[in-house]
Amino acid sequence: MTIDTAKAPATMENQEPSPGAMMRKRVFSHWGFMIGAIVLIAIFLMALLAPYISPGDPFDQVLSRKLIPPIWSDSAKATWDHPLGTDHLGRDYMTRLFYGARISLLIGFGAMLISGVIGTTLGVLAGYYGGRVDMVVNFIITTRLSMPVVLVALAVVSIVGSSLTVVIWVLGLLIWDRFAVVMRSATQQVRALDFVTSAQALGCSTPRILLTEVMPNITNHLIVIATLEMAHAILLEAALSFLGLGVQPPEPSWGLMISEAKGMIFFDPWLITIPGLALFALVLSINLLGDGIRDVTAPENRN
Amino acid sequence: MLYYTLKRLGVAVLVAITVSVLSFSMIYLSGDPAVALAGEGASNEDIENVRRVYGFDQPIIVQYGSWLVQALQGNLGHSNYLKAPVASVIFERLPTTMLLGACSLAFALLLAIPLGVVAAIRPNSILDRAALSVAVVGQAMPSFWFALTLILWFGITWRLLPITGTDSWKNFIMPSMALGYYLTPAVMRLTRAGMLEVLSSDYIRTARAKGLRPMTVLFKHALRNAIIPVVSLAAVQFGFMLGGSIVIETIFAINGLGYLAWESIQRADLPMMQAIVLVLSIFYILLTFLADMLNAFLDPRIRVA
């Protein structure tokens, strides 16, 4: 006698939740992921809608209204016209903060894309072919790691000349190492699995195996590294701009805003605190999101 | 062991040569280095003179060869801004940066290893989560902003520590915190993971079963084994830290290699920039080589691979 499973009554109680529902449950119960996602979306909207929600113009200098403190200070000068105050040239600080989010996100995303393409290509090729290819890629990674990133980026930017595009390219060409290292080991694990072997036995071409068999199985690692590297690029851009070799004035980069406020640390420290907190919130939210994606897609890797 | 050492040494030398080629070719990124060196408003005759004096009229491979031979003899070029040999200026500044690096490393290890151990004793407890949030926060904080915040609190509001210079040991407290905090997360996570693995192993159970005191088990048996990967991570991170000291040294006006690098970039002092990149890279290569050797010595399985 065979058991006819189709006849078993399908009630809500004995049904397994669908994979989609389980995933949704994991996502919504992961507080790090949720906080990261909400903060990041808020900053993204801030950047996107900057022209519509800003109280002023990021470049408009009103020298008669310079160094107005933010609204929560005790000073009588504080006014709702400038909720976060104004800088040493009388520019509205909140407006510059909103526009600065655009620069950070743009550079972070651009540098992440460039480094992602370079690093993933190198890593997947090394992991899939192994042997000589692996040796060469490993050598390239070691060489790249031995050169100090901040110093080389500063030197190259100073020689080539600074602009938004130059900063994105220099950072993108420098920070691909973690992509390569992680993609290499992820590919090595996938390469040995049965479905790759059977695709080889079926006579699939190598590009096809890499694109349709290997890549989909390492995508979750790729997303995690992409978030980490985006955060890394944002921090590096801020450091370059802080040292005067990244985004150039009068553009409102957060690192540059901190650098411009350096001299005012004695009497107007909020000029440093506000963009610093913004930078901190952005990088923290991206990192939390990345950790969250790792936990949700591969709960077994949590520790 | 000998075969492994030779192989590893060969790779290190090859990497060093590649880095030297890269830092040599940095000068050509600007197009014609003779024009850049002669400065604005130089006549064609001046530019030709510069070209001849610096040897830019030679084929590139010849230029690289003579530069390398000179570098191997300890002559890293001549700074056209400071009017002094590059090597002597660098070695004058290097000890300050080394001291800063060592203090930062000490700060990071003293903070991260206890946190990692505490976190591993009770995984997922409140202490573990607190230690983990220290790591997450550390990773997200821009080092220069952290440095300025330290200055604001300890230097200006409470007037406890000097803000700039290198006059006394007090000057090194804030820079070491600012530079060292950046590597705390990585060391903490690695210590925690290592301790978790070791604590679940059989010999720890045996040690506990024979009635040793928990502290003895924790520090004498577990930590000693869990700390091995931390040693090589620390060596590698020390190299990264010397590269990152440029930001911190600039903020605190510490007269080390990082500050020198920043000054040289401002002055467009190409030979100095080249030499600093080369020296820091070689130093990093040396550190990773030593870390690998130490690991192979401690763990015989690595030697065979």
Side-chain angles (χ1 to χ4, degrees), chain A residues 32 135 138-152 154-161 228 231-232 234-245 254-255 258-259 261-262 265-267 269-270 272-273 275-288 291 302-303, chain B residues 11-12 14-16 18-19 22-23 26-31 36 123-124 136-137 139-146 148-149 151-152 155-157 163 192-193 196-197 236 239-240 242-247 250-251 258 261-262 264-266 268 270 273-274 276-277 280-285 288:
Chain A
M135 236 168 72
N138 243 336
F139 180 74
I140 300 176
I141 295 174
T142 317
T143 310
R144 158 52 207 91
L145 280 175
S146 62
M147 305 189 75
V149 179
V150 182
L151 191 55
V152 172
L154 280 173
V156 171
V157 170
S158 78
I159 294 172
V160 180
L228 281 179
H232 188 194
I234 289 171
L235 282 178
L236 281 175
E237 180 273 324
L240 289 189
S241 301
F242 177 77
L243 291 172
L245 284 158
W254 291 345
I258 296 176
S259 166
K262 230 176 0 183
I265 190 170
F266 288 99
F267 301 110
W270 49 272
I272 291 171
T273 312
L277 281 177
L279 210 46
F280 174 65
L282 175 59
V283 174
L284 186 67
S285 69
I286 296 175
N287 281 342
L288 283 177
D291 284 354
R302 207 164 289 164
N303 288 320
Chain B
V11 173
L14 265 181
V15 171
T18 318
V19 169
L22 286 174
S23 56
M26 211 164 74
I27 230 178
Y28 286 93
L29 279 174
S30 58
N124 291 322
V136 172
V137 167
Q139 268 169 340
M141 206 139 54
S143 60
F144 59 92
W145 180 61
F146 182 53
L148 287 174
T149 310
I151 291 182
L152 189 60
I156 298 174
T157 311
I163 298 174
R192 179 177 178 274
L196 276 179
E197 199 186 316
V236 172
F240 281 137
L242 292 185
S245 70
I246 182 165
V247 180
T250 311
I251 293 174
W262 190 72
S264 311
I265 288 168
Q266 299 291 314
L270 286 172
M273 277 154 63
Q274 262 182 342
I276 294 174
V277 170
L280 284 181
S281 306
I282 301 275
F283 195 74
Y284 176 86
I285 294 169
T288 44

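Chain identifiers are assigned alphabetically (A, B, ...) following the order of the sequence lines, protein sequences preceding nucleic acid strands; residue numbering begins at 1 within each chain. Only this structure's heavy atoms are used, side chains among them; waters, hydrogens and symmetry mates stay out.
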request  = With a 4.5 Å cut-off on heavy-atom pairs, point out which of A/Leu154, A/Leu243, A/Val156, A/Leu235 contacts chain B the most.
outcome  = A/Leu243
message = Between A/Ser146 (side chain only) and B/Tyr284 (backbone N and O only), is there a donor and an acceptor less than 3.5 Å apart?
response = no
request  = Side chain from CB out, backbone as N, CA, C, O: work out which of these in A/Ala155 comes under 4.5 Å of a heavy atom of chain B, or both, or neither.
outcome  = both
remark   = In this structure, CG of A/Leu228 is separated from CD of B/Gln139 (nearest 0.5 Å) by 7.5 Å
query = Do other residues, nucleotides or ligands put more than 12 heavy atoms under 6.0 Å from B/Glu197 CD?
reply = no
request  = Kindly compute the distance separating CG (A/Leu151) from CG (B/Leu280), expressed to the nearest 0.5 Å.
outcome  = 6.0 Å
inquiry  = Out of A/Ser259, A/Ala238, A/Ser158, return the one with the most heavy atom pairs under 4.5 angstrom to chain B.
reply    = A/Ala238
key: Residue part contacting chain A, namely of B/Thr149, when any heavy atom lies under 4.5 Å   = neither
inquiry  = Quick check on A/Phe242 against chain B: is it the side chain, the backbone, both or neither that has a heavy atom closer than 4.5 Å?
reply    = side chain
query = Non-hydrogen atoms of chain A under 4.5 Å away: do they reach the side chain of B/Val137, the backbone, both or neither?
reply = both
inquiry  = Going by side chain to side chain contact (heavy atoms under 4.5 Å, CB included), name the residues that satisfy it together with A/Ile265, two or more places apart in sequence or in a different chain.
reply    = A/Ile272, B/Leu148, B/Ile151, B/Leu152, B/Ile156
query = Non-hydrogen atoms of chain B under 4.5 Å away: do they reach the side chain of A/Ile234, the backbone, both or neither?
reply = neither
task = Answer whether the closest heavy-atom distance between the side chains of A/Thr142 and B/Leu14 falls below 4.5 Å.
result = no
key: For B/Thr18, all residues meeting side chain to side chain contact (heavy atoms under 4.5 Å, CB included), sequence neighbours excluded   = A/Phe139, A/Thr143
ask   = By a 4.5 Å heavy-atom criterion (distance strictly below it), what part of A/Leu145 contacts chain B: side chain, backbone, both, or neither?
value = both
Which portion of A/Asp291 sits near chain B, non-hydrogen atoms under 4.5 angstrom = side chain
inquiry  = Does any part of the side chain of A/Leu279, heavy atoms only, come nearer than 4.5 Å to the side chain of B/Trp145, both counted from C-beta?
reply    = no
query = Do you know which two heavy atoms are closest between B/Val19 and A/Met147, and how far apart they sit?
reply = CG2-CG, 4.1 Å
ask   = At a heavy-atom separation under 4.5 Å, does B/Gln274 approach chain A through its side chain, its backbone, both, or neither?
value = neither
